[in-house]
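Only a predicted model underlies this, so the values are computations on that prediction, with no experimental measurement involved.
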Amino acid sequence: MTSKFITGLAVAALFATGACSQDKPVDKMDLKDAKQKTSYAIGMDIGSNFKRQEIDIDAKALAAGIADSLTGKTQLTEAEGKQAITDFRTSMMAKMESKQKADTEKNAGAGDAFLAANGKKEGVKTTASGLQYKVIKSGDGKGASPKATDTVKVHYHGTLIDGSVFDSSVERGEPISFPLNGVIAGWTEGLQLMKVGDKFQFTIPGKLAYGPSSPSPKIGPNSTLIFDVELLSIEK
């Protein structure tokens, strides 16, 4: 039952939001041979994954389940084990949905307040869609503006409204190219306002970014995003 047990928890980890239980560390072992080191390394891998994904488990019971399964003398039947995992998944999904709803409402409120204040700042313009932009640097004025069907090359620096960086081609030192109609709506609209050589700052409401979805742990649902974008070229 061990592989099914671990697989079930790995799937459930995708929905985990609870805090991971911390038991007292076990007595230090002398890892004398390759078998012991390999076994310990597997345990490290399982434990670090559970900790990273904040899965609420009882470490002692987990170890007992593995040990008992290896001897073929488990304290739960196959059916009982499956039911426990099913209940765990259901619980974790409910917690995830509750947390996502709370985060969505919190981020939307914070974003609306930030946009309202930002829109009053000097040089900030707001389009009909709600996208806000500010010219940081103008090119020579002779460059072309991209169309939604064009592929563009840009440098960008993306932050949340609290200033934390979630992505930056500038920090990586490598610009990026992409079809303009294949990115978030705020970028598709905003880049068409620019000419090659321009650098703008875009403040993008959640509805024009990723909406209620969360594309990465760094970007919560309905997050308002801020991008400093320099349009380097329109690629043929």
Min side-chain heavy-atom separation [X]-[Y] under 4.5 Å:
X      : Y      : value
Leu131 : Thr126 : no
Val229 : Phe202 : yes
Val124 : Tyr133 : no
Thr203 : Thr224 : yes
Val196 : Ile234 : yes
Val152 : Ser177 : no
Thr188 : Ile184 : no
Asn107 : Pro221 : yes

Inter-residue atom distance [X].[atom1] - [Y].[atom2], 0.5 Å rounding:
X      : Y      : atom1 : atom2 : answer
Ser145 : Met194 : OG    : CE    : 9.0 Å
Thr159 : Gln201 : OG1   : CD    : 7.5 Å
Asp56  : Lys95  : CG    : NZ    : 6.0 Å
Lys106 : Thr104 : NZ    : OG1   : 12.0 Å
Leu191 : Asp150 : CG    : CG    : 10.5 Å
Lys51  : Met44  : NZ    : CE    : 11.5 Å

Report yes or no: does [X] contribute a side-chain atom to a donor-acceptor pair with the main-chain N or O of [Y] at less than 3.5 Å?
X      : Y      : value
Ser223 : Ile219 : no
Asp30  : Lys32  : no
Ser91  : Asp87  : no
Thr38  : Ala34  : yes
Ser233 : Glu235 : no
Asp45  : Ala41  : no

Do you know which two heavy atoms are closest between [X] and [Y], and how far apart they sit?
X      : Y      : answer
Pro146 : Leu231 : CD-CD2, 3.8 Å
Leu180 : Gln192 : CD2-CG, 3.8 Å
Asn118 : Gln132 : ND2-OE1, 2.6 Å
Gly139 : Asp198 : N-OD1, 2.7 Å
His155 : Pro175 : CE1-N, 3.4 Å
Ser69  : Thr74  : CA-CG2, 3.7 Å

Tell me whether [X] shares a hydrophobic cluster with [Y], the cluster being built from Ile, Leu, Val, Met, Phe, Trp, Tyr side chains joined at under 4.5 Å.
X      : Y      : result
Tyr210 : Phe166 : yes
Leu208 : Leu193 : yes
Ile226 : Leu115 : no
Val154 : Ile136 : no
Ile204 : Val135 : yes

For this session: With salt bridge (charged side-chain N to carboxylate O under 4.0 Å, His left out) as the test, would you mind laying out the steps for Asp33 and Lys37 before giving the verdict?
Result: CA-CA 6 Å; Asp33 55 39; Lys37 291 179 181 178; over 6 Å; no

Exercise. Are Trp187 and Phe227 an aromatic pair by the rule of ring centers under 6.0 Å?
Worked result: yes

Exercise. Hey, which of Lys137, His157, Lys153 is the one that makes side-chain hydrogen bond (donor to acceptor under 3.5 Å, both in side chains) with Glu230?
Worked result: Lys137

Exercise. Between Arg172 and Asp167, is a salt bridge (charged side-chain N to carboxylate O under 4.0 Å, His left out) present by the stated rule, with each step listed?
Worked result: CA-CA 9 Å; Arg172 290 193 298 272; Asp167 193 14; 2.6 Å; yes

Seminar exercise, completed: side-chain contact (heavy atoms from CB on, under 4.5 Å) with Tyr156: of Asp228, Val170, Ile176, only one passes, and it is Ile176

Problem set entry | Under-4.0 Å salt bridge between Asp140 and Lys195 | no

Problem set entry | Modelled atom types, side-chain donor and acceptor of Gln100 and Ser214, under 3.5 Å | no

For this session: Please indicate whether Phe178 has more than 12 foreign heavy atoms, meaning atoms of other residues, nucleotides or ligands, lying under 6.0 Å from its CZ.
Result: yes

